[in-house]
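Working notes for the structure below.
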Protein chains: 2
Amino acid sequence: MAGIKDVAAAAGVSVATVSRVLNGHPSVSAEARARVMGAVAELEYRPNAVARSLRTDQTHTLGLVISDVLNPYFTELARSVEEEARALGYSVIIGNADERPELQDHHVRNLLDRRIDGLLVSPTDGGSPLMLDAVRAGTPMVFVDRWIPGVDVPVVRADGRGAVRDLVAHLHGLGHRRLAIIAGPAATTTGSERVEAFRAALAEYGLHLPDAYTGQGDFQAESGRRVTEGFLDLPEPPEVVFAADNLMALGALDAVRARGLRVPDDIALAAFDDIPWFVHTDPPVTAIAQPTGELGRAAVRALVDRIEGRTPRSVTLPARLVVRRSCGAPAPPTLSPSPVQRSTS
Amino acid sequence: MAGIKDVAAAAGVSVATVSRVLNGHPSVSAEARARVMGAVAELEYRPNAVARSLRTDQTHTLGLVISDVLNPYFTELARSVEEEARALGYSVIIGNADERPELQDHHVRNLLDRRIDGLLVSPTDGGSPLMLDAVRAGTPMVFVDRWIPGVDVPVVRADGRGAVRDLVAHLHGLGHRRLAIIAGPAATTTGSERVEAFRAALAEYGLHLPDAYTGQGDFQAESGRRVTEGFLDLPEPPEVVFAADNLMALGALDAVRARGLRVPDDIALAAFDDIPWFVHTDPPVTAIAQPTGELGRAAVRALVDRIEGRTPRSVTLPARLVVRRSCGAPAPPTLSPSPVQRSTS
DNA sequence: GTGACTCGTGGAATCGATTACATCCCTCGG
DNA sequence: CCGAGGGATGTAATCGATTCCACGAGTCAC
């Protein structure tokens, strides 16, 4: 494969001049520029990004470590991150932590070794020493969706409290009083926050969230199933199950169906994180929708700001309730406009 | 950040010795080794992968260019690819082509510039000059799922013909005679092959596939919706719609529902590519399941074989029919075991 | 006319590793 | 006792780019 030396030789100039042309340095004669461009085209020369990175100490690459690629929420997040990064001239390397802290560390280490310019993380746990070290060492970092308290890193996330309140209002309005939640891991902020928001919203209606109605899940479908079975085994099962993410909601749906029960007649269901498929499930699932694409884009912008020397800001965007049929009320036609396909742009 | 020189200084040896220790070269005294290890731990030294890659001309990185990350089929494929690659000591950089040839080229170029060791591609189109050049230049490459005919590159894919035949048999057995298909882009192998398999299977039952029953989609939900509307507008609409991928099936479901019609009573639906959500849709969708994880793993093995000097083999695995309720027959309980959650290992 | 400046250019150092080659020191056989 | 052979180690070249510095030529002001 042709190198910069070959180009220099072909153009009859020095490598320095070739480099200057390639990097748009002003101080190059039009004639030399033309000859270099010609040689570049002729040889189909492409600069070696590895060598360039070594010299400049910049890779123009962002790392994105997410907790579970199979979760459509994170898939969409990853997609919007890549899009925005590309628009800003960066590539993205995605690491899938699969909700396992050691895998998360593996990816962080790997990305750091590759000298990525910055790191976007949705932490699986309360924060490994490795990640904390990286922050201390000055690695540009931004948390997205989840974060680690007490660490001085910008956070880009959705605030679901308003939407959770709306949800509880909706449920209360339908006459439901015994509400249960399938929580995420307490080590994650989204895991604990959603429970808190739910509890707070219940309190506004004078309702209490008993321990028996607080199941511990891990954001995976299987745990949703398990917890829901526990709920159904209770002497007095809840009237509504609120799953803290879409996968656990699916597990819950499974568990309910396996008992031969029906949603919403026998038990109602709602989920945090809206996904296109919820429109098509039986029944369509009422969910809290995050502005996922916007989160991804804002996170990239914050990270790139940090990388390029500007001051990044934390961003919090509101989530919103999307009412469908899984809690009992027929959805007013105008309230579930959520299209199956996001814009392709 | 500490470099190899710092380690050498701290350990009181030369950089060559440090490098030898790090790379497991035999000719190092136990004492020197210990001192180096100590210094490495002390300084928390991590070798700079960029510098290493420049020197060795190996990045231990694979590129994966897929057509659409939002499609759960490809998400799962990507996941299994990353898993197997990790097990073999490689990282993966994913490029999402979004079914757009120019985006695909962008990613291929980017990956090539980064000097990835090999490329896994599921081509969006018939093959850009860029990709062909890369093959000619000797870039290790393997096609997965889709491929480009006439190019000497190993292909790892599923053969759906048997399953399509089973599907047609199933439909025929249910009394359906007017069968339509929503095809994928003719430029993709999966786009044309599935139509051909369908047509061939119909022929076995003496059935013909009229042009009016062959809709042209693009593997995206919106096209499924559009084509299905066309079918429903026909003077004699089909009794069954077979979508060549899961997203178009979703669009079809939408279109049917928008008319106030019901699946399977008014029109039956089947899809190529099974995904966990099909268990939960209304009704559960009969689909052809590819051994996605196995495909991803086999593709990585083939690519790594090629990279490491062994001879890679093409692999074709059978797909299988998973009967659910969307075509009319109640599924025998044992026939839809497809679990909502794949194993996490 | 001459010193100051700018502009275009090339030579060479540099980034952080790997590795060929040279060197030194031991051991061992004859 | 000496030379061959081999193990441990260091010096320096190298990968392919970027960039500092020096230099020659041309321009301009005084």
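Just so it is clear: chains get the letters A, B, ... in the order the sequence lines come, proteins before strands, and each one is counted from 1. Fair warning: this is a prediction, and the values are worked out from it, not measured in the lab.
Between the A:D218 side chain and the A:P185 main chain, no donor and acceptor come within less than 3.5 Å of each other. Looking at B:S122, its side chain never comes within 3.5 Å of a backbone N or O of B:I66 through a donor-acceptor pair. A donor-acceptor contact shorter than 3.5 Å links the side chain of B:D68 to the backbone of B:L70.
When the P atom of C:dA17 is taken as reference, atom CZ of B:R20 falls 16 Å away, rounded to whole Å. As a whole-Å value, the separation of B:Q58 CD from C:dT18 C1' is 11 Å. Rounded to whole Å, atom C1' of D:dT18 lies 11 Å from atom CG of A:L22. In this entry the distance linking NE2 of A:H25 with C1' of C:dG10 reads 14 Å, nearest Å. Between the P atom of D:dA17 and the CG atom of A:D6 lies a distance of 9 Å, rounded to the nearest Å. Summarising the geometry, the separation between OH on B:Y45 and P on C:dT18 is reported as 6 Å, rounded to the nearest angstrom. In this entry the distance linking CE of B:M1 with P of C:dA17 reads 11 Å, nearest Å. B:D113 has its CG atom 14 Å from the P atom of D:dG16, to the nearest Å.
Candidate nucleotides C:dC15, C:dG10, D:dG16 were compared by shortest atom distance to the side chain of B:K5, and C:dC15 ranks first. If you check C:dA17, D:dG10, D:dT18 against the side chain of B:P47, the one that comes closest is C:dA17. Candidate nucleotides C:dG16, C:dT18, C:dT9 were compared by shortest atom distance to the side chain of B:A51, and C:dG16 ranks first. The nucleotide whose nearest atom lies closest to any side-chain atom of A:L54 is, among D:dG10, D:dT19, C:dC15, C:dC15. Set against C:dG16, D:dT9, C:dT9, the side chain of A:S27 has C:dT9 as its closest nucleotide. Here the side chain of B:T56 is nearest to one of C:dG10, D:dG16, C:dT18, namely C:dT18.
Salt bridge status for B:E294 with B:R297: present, with a side-chain N to carboxylate O gap under 4.0 Å.
Considering every non-hydrogen atom in both B:L77 and B:S80, the closest pair reads O-OG, 3.0 Å.
If you check every strand for non-hydrogen atoms under 4.0 Å, B:V18 touches nothing. Nucleic acid contact for B:V50: none, since no nucleic acid atom lies under 4.0 Å from a heavy atom of the residue. Within the 4.0 angstrom heavy-atom criterion, only backbone atoms of the sugar-phosphate kind lie near A:S29; the bases stay farther away. Within the nucleic acid shown, B:A49 has no heavy atom closer than 4.0 Å to any nucleic acid atom.
For D:dT18, the OP1/OP2 oxygens have a side-chain nitrogen or oxygen of A:N23 closer than 4.0 Å. The shortest distance between the side-chain N/O atoms of B:S53 and the OP1/OP2 oxygens of C:dA17 is not below 4.0 Å. Between C:dT9 and A:T17, no contact under 4.0 Å exists linking OP1 or OP2 to a side-chain N or O.
If you check the side chains of B:S67 and B:N71, you find no donor sitting under 3.5 Å from an acceptor.
Along DNA chain D, the nucleotide closest to B:E31 and the one closest to A:A16 are compared, and the more 5′ of them pairs with B:E31.
Counting atom types as modelled, A:R55 pairs no side-chain N or O with a base atom of C:dG16 as donor and acceptor under 3.5 Å.
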